[in-house]
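Below is one structure, written out as structure tokens; comments come after it.
Chain A is the first sequence line, chain B the second, and so forth, proteins listed ahead of strands; every chain is numbered from 1.
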Amino acid sequence: MDMITAVRGFKDILPQETGKWRYIEETARNIFSDFGFREIRVPILEKTALFKRSIGELTDIVEKEMYTFLDRSDEYITLRPEATASIIRAYLEHSMYSADPVAKLFTIGPMFRRERPQKGRYRQFHQINVESIGLDDPRIDAEIILMLTQYLERIKIADVELQINSLGCTTCRPDYRKKLTLFLRGKENDLCEDCRRRISSNPLRILDCKRKNCIHAIENAPKTLDFVCPGCNEHFAKLQEFLNIFGIPFVINTRMVRGLDYYTKTTFEIVTESLGAQNAIAGGGRYDGLVRDLGGPDVPGTGFALGCERILSLVPFKDDDFLLSPDLFIAAIGDDAEKLSFILCNRLRLRGVKVETDYAGKSLKSQMKKSDKLKCRFTLMLGKKELMEKVAVLRDMQSGIQEHLTIDDFEDIIVKKLQERK
RNA sequence: GUGGGUGUAGCUCAGCUGGUCAGAGUGCCGGGUUGUGGCCCCGGAGGUCGAGGGUUCGAUCCCCUUCACUCACCCCA
């Protein structure tokens, strides 16, 4: 019979890795909480229409990367390729704007995109998502970027670069789009097939096409920043001012457009050199029209997503750094000792002591080996001799020092010893 | 979706363009100490050499197909 394996691009996160995962998740929760963001948990399955309307029909994500299925009730549903749409949906569905026009939310969980897997790219991957809804002040853009850079610093990720850009708003973008289209009309023959298609569908995407010919062809293309309206210009200038106040280094990348249609004004990415082709570890921006497009009030929003797998491959910690070793191993020899060991072991666990033992009836030597392998701090040896005298031998596994303890007092003594060392 | 690379023990990998090539290290289990871990020594278990077909007297090795993994393109976290 063939072995059933995990679905391509889907990965198990094994016990030795979950310590790191919890660490980056908990650190995020702590920092985000300091900044006033609250955790929200939204479904991983949504009606397909939600993503089509928010991300954009003509984006790569919607055109070819979504896991979309026909549900039994003849409705199309999709495993979420990103979280922003779901969060806005929840924000609207629960009328969160009526309690407070400003909502600062984050969520952590799996996303799904059906791309060809490679380094740093999986079909199920995890993101930490932050959304601030209801504020258009550039201070909030700066604030979430500060929070993001702080987070990366806290988890010891260095050598990253913050890139920012502004895409303009509904007033100035159409103008820019026209000018860009006009410029591109003369270059059709120099562009790749995809980009030729994009001239009419999504000309801005051409700006960050990675093909050499396209890059060359648009060298002198008009830049968004030269055409944004005074309002957008000021917004972008203030963002930079605020980033400077906190000494956050950044570079302006006029080519950064990003693959989701809903972005306006601020966009940004955190990129690294040490991740191969998938160099973005976080990305986001402002989406002032999205809430309205999803049927809600006309309120602005801004946010970002962090790729957990990519963060984890950069974090300088080892799996073992998060290893939780038992406090005590109880090695028992003989039936009576084994019975006592079973009782002691579980009574201590109920008192919050991490205890391991072995029910396989092995030799003392092999139980000692196991204790050593588990990196237990102490080993308690219980044998026939000890039982008769109602004592047990407690061995400190680092120093090798052993002491005899009366069995009746043992529980209290070990609890006390462990408290001292903490 | 399109390319390249790689598939041999749980893991990391040797294996001479075909003839004791079914191997090492590590991990696991046991012994050396019949009641004491780490270091050392010894032993053991564990493989249809990814799968299927072909060439050949003979294939882990050569050819074809297929699958998986991986890196890159594309795109993004």
Side-chain angles (χ1 to χ4, degrees), chain A residues 2-3 5-9 11 14 16 55 59-66 80-84 108-130 148 160 192-195 198 202 205 208-212 214 256-260 267-272 275-284 303-314 329 331-334 337 358 360 362-387 392-402:
Chain A
D2 287 346
M3 265 259 279
T5 58
V7 175
R8 174 171 218 183
K11 296 267 180 269
L14 300 172
Q16 60 266 31
I55 299 169
T59 57
D60 287 321
I61 294 176
V62 171
E63 274 185 333
K64 52 191 189 191
E65 295 172 3
M66 294 205 304
R80 65 179 183 193
E82 60 115 35
T84 304
I108 302 177
M111 308 294 154
F112 305 84
R113 290 183 202 172
R114 203 183 181 293
E115 301 172 88
R116 189 81 168 255
Q118 71 182 76
K119 188 181 176 72
R121 194 175 75 185
Y122 310 101
R123 289 181 172 186
Q124 179 184 136
F125 60 101
H126 297 75
Q127 285 189 341
I128 301 174
N129 261 262
V130 170
L148 170 59
V160 294
C192 69
E193 200 183 319
D194 285 335
C195 286
R198 286 167 178 152
N202 195 349
R205 293 289 300 123
D208 73 355
C209 182
K210 306 293 188 297
R211 292 176 194 277
K212 276 193 196 110
C214 296
M256 186 175 57
V257 172
R258 305 190 48 73
L260 294 81
T267 56
F268 61 92
E269 278 184 11
I270 303 273
V271 297
T272 172
L275 216 54
Q278 310 306 317
N279 66 345
I281 64 174
F304 66 81
L306 271 153
C308 293
E309 283 82 359
R310 292 182 187 177
I311 286 174
L312 280 166
S313 66
L314 294 175
F329 188 93
I333 308 106
D358 179 89
K362 293 187 174 171
S363 67
L364 177 62
K365 172 174 176 156
S366 99
Q367 294 189 67
M368 292 294 292
K369 275 190 181 174
K370 183 155 187 183
S371 176
D372 180 57
K373 199 178 62 191
L374 293 171
K375 296 187 166 67
C376 298
R377 268 168 39 196
F378 296 101
T379 302
L380 184 76
M381 283 169 272
L382 280 176
K384 287 174 193 153
K385 210 160 57 183
E386 285 78 15
L387 279 188
V393 179
L394 184 69
R395 181 183 178 90
D396 183 314
M397 294 299 278
Q398 251 177 359
S399 65
I401 296 169
Q402 300 192 166

Expressed as a whole number of Å, how far does the [atom1] atom of [N] sit from that of [M]?
{"N": "B/rA72", "M": "B/rG30", "atom1": "C1'", "result": "48 Å"}
{"N": "B/rC42", "M": "B/rG38", "atom1": "P", "result": "15 Å"}
{"N": "B/rG31", "M": "B/rU17", "atom1": "C1'", "result": "44 Å"}
{"N": "B/rG15", "M": "B/rG23", "atom1": "P", "result": "16 Å"}
{"N": "B/rG3", "M": "B/rG54", "atom1": "C1'", "result": "27 Å"}
{"N": "B/rG58", "M": "B/rC40", "atom1": "P", "result": "47 Å"}
{"N": "B/rG53", "M": "B/rC16", "atom1": "P", "result": "25 Å"}
{"N": "B/rC11", "M": "B/rG27", "atom1": "P", "result": "15 Å"}

side-chain contact (heavy atoms from CB on, under 4.5 Å) involving [X] - partner list, sequence neighbours excluded:
{"X": "A/A360", "result": "A/D358, A/K362"}
{"X": "A/K369", "result": "A/K365"}
{"X": "A/S313", "result": "A/L275"}
{"X": "A/I401", "result": "A/S399"}

[X] and [Y]: which non-hydrogen atoms are nearest, and at how many Å?
{"X": "A/T59", "Y": "A/G259", "value": "CG2-O, 3.2 Å"}
{"X": "A/F112", "Y": "A/Q124", "value": "CE2-NE2, 3.3 Å"}
{"X": "A/C214", "Y": "A/C192", "value": "SG-N, 3.3 Å"}
{"X": "A/G400", "Y": "A/R395", "value": "O-NH1, 3.7 Å"}
{"X": "A/P117", "Y": "A/R123", "value": "CD-NE, 4.0 Å"}

With 3.5 Å as the limit, what N/O pairs link the protein to nucleotides 10-13 of chain B?
none

(request) Could you run through RNA chain B and flag its stems, i.e. three or more consecutive Watson-Crick or G-U pairs with both distances under 3.5 Å? (result) B:1-7 with B:67-73, B:10-13 with B:23-26, B:28-32 with B:40-44, B:50-54 with B:62-66

Cut-off 3.5 Å, no hydrogens considered: what does the side-chain donor-acceptor table look like for residues 380-387 of chain A, sequence neighbours left out?
| residue | atom | partner | partner atom | Å |
| --- | --- | --- | --- | --- |
| A/E386 | OE1 | A/G383 | N | 3.0 |

(request) For A/T379, check side-chain hydrogen bond (donor to acceptor under 3.5 Å, both in side chains) against everything at least two apart and list the hits. (result) A/S371

Sort me out a list of protein N/O and nucleotides 33-43 of chain B N/O pairs below 3.5 Å, or just none if empty.
| residue | atom | partner | partner atom | Å |
| --- | --- | --- | --- | --- |
| B/rG35 | O6 | A/K384 | N | 3.4 |
| B/rG35 | O6 | A/K385 | N | 2.9 |
| B/rG35 | O6 | A/E386 | OE1 | 3.3 |
| B/rG35 | N1 | A/E386 | OE1 | 2.6 |
| B/rG35 | N1 | A/E386 | OE2 | 3.0 |
| B/rG35 | N2 | A/E386 | OE1 | 3.4 |
| B/rG35 | N2 | A/E386 | OE2 | 2.6 |
| B/rU36 | O2 | A/R395 | NH1 | 3.2 |
| B/rU36 | O2 | A/Q402 | OE1 | 2.8 |
| B/rU36 | N3 | A/Q402 | OE1 | 2.9 |
| B/rU36 | N3 | A/Q402 | NE2 | 3.4 |
| B/rU36 | O4 | A/Q402 | NE2 | 3.4 |
| B/rG37 | O2' | A/D372 | OD2 | 3.1 |
| B/rG37 | N7 | A/R395 | NH2 | 2.9 |
| B/rG37 | O6 | A/R395 | NE | 3.3 |
| B/rG37 | O6 | A/R395 | NH2 | 2.7 |
| B/rG37 | N1 | A/M397 | O | 2.4 |
| B/rG37 | N2 | A/D372 | OD1 | 3.0 |
| B/rG37 | N2 | A/M397 | O | 2.8 |
| B/rG37 | N3 | A/D372 | OD1 | 3.2 |
| B/rG38 | O4' | A/D372 | OD2 | 3.1 |

(message) Please determine whether a side-chain nitrogen or oxygen atom of A/S366 lies at a distance below 4.0 Å from atom OP1 or OP2 of B/rG30.
(response) yes

(request) Using salt bridge (Lys or Arg N to Asp or Glu O under 4.0 Å) as the criterion, list what pairs up with A/E309, not counting sequence neighbours. (result) none

(message) Looking at A/D208 and A/R205, is any side-chain nitrogen of the basic one under 4.0 Å from a carboxylate oxygen of the acidic one?
(response) yes

(request) Scan residues 108-118 of chain A for pairs that pass salt bridge (charged side-chain N to carboxylate O under 4.0 Å, His left out), counting only residues two or more places apart or in two chains. (result) A/E115-A/R121

(request) Starting at the 5' end of nucleotides 69-77 of chain B, put B wherever the base has a protein heavy atom under 4.0 Å, S where only the sugar-phosphate does, and a dash everywhere else. (result) SBSBBBBBB

(request) Using a heavy-atom cut-off of under 4.0 Å over every strand shown, decide if A/K375 touches base, sugar-phosphate, or nothing. (result) nothing

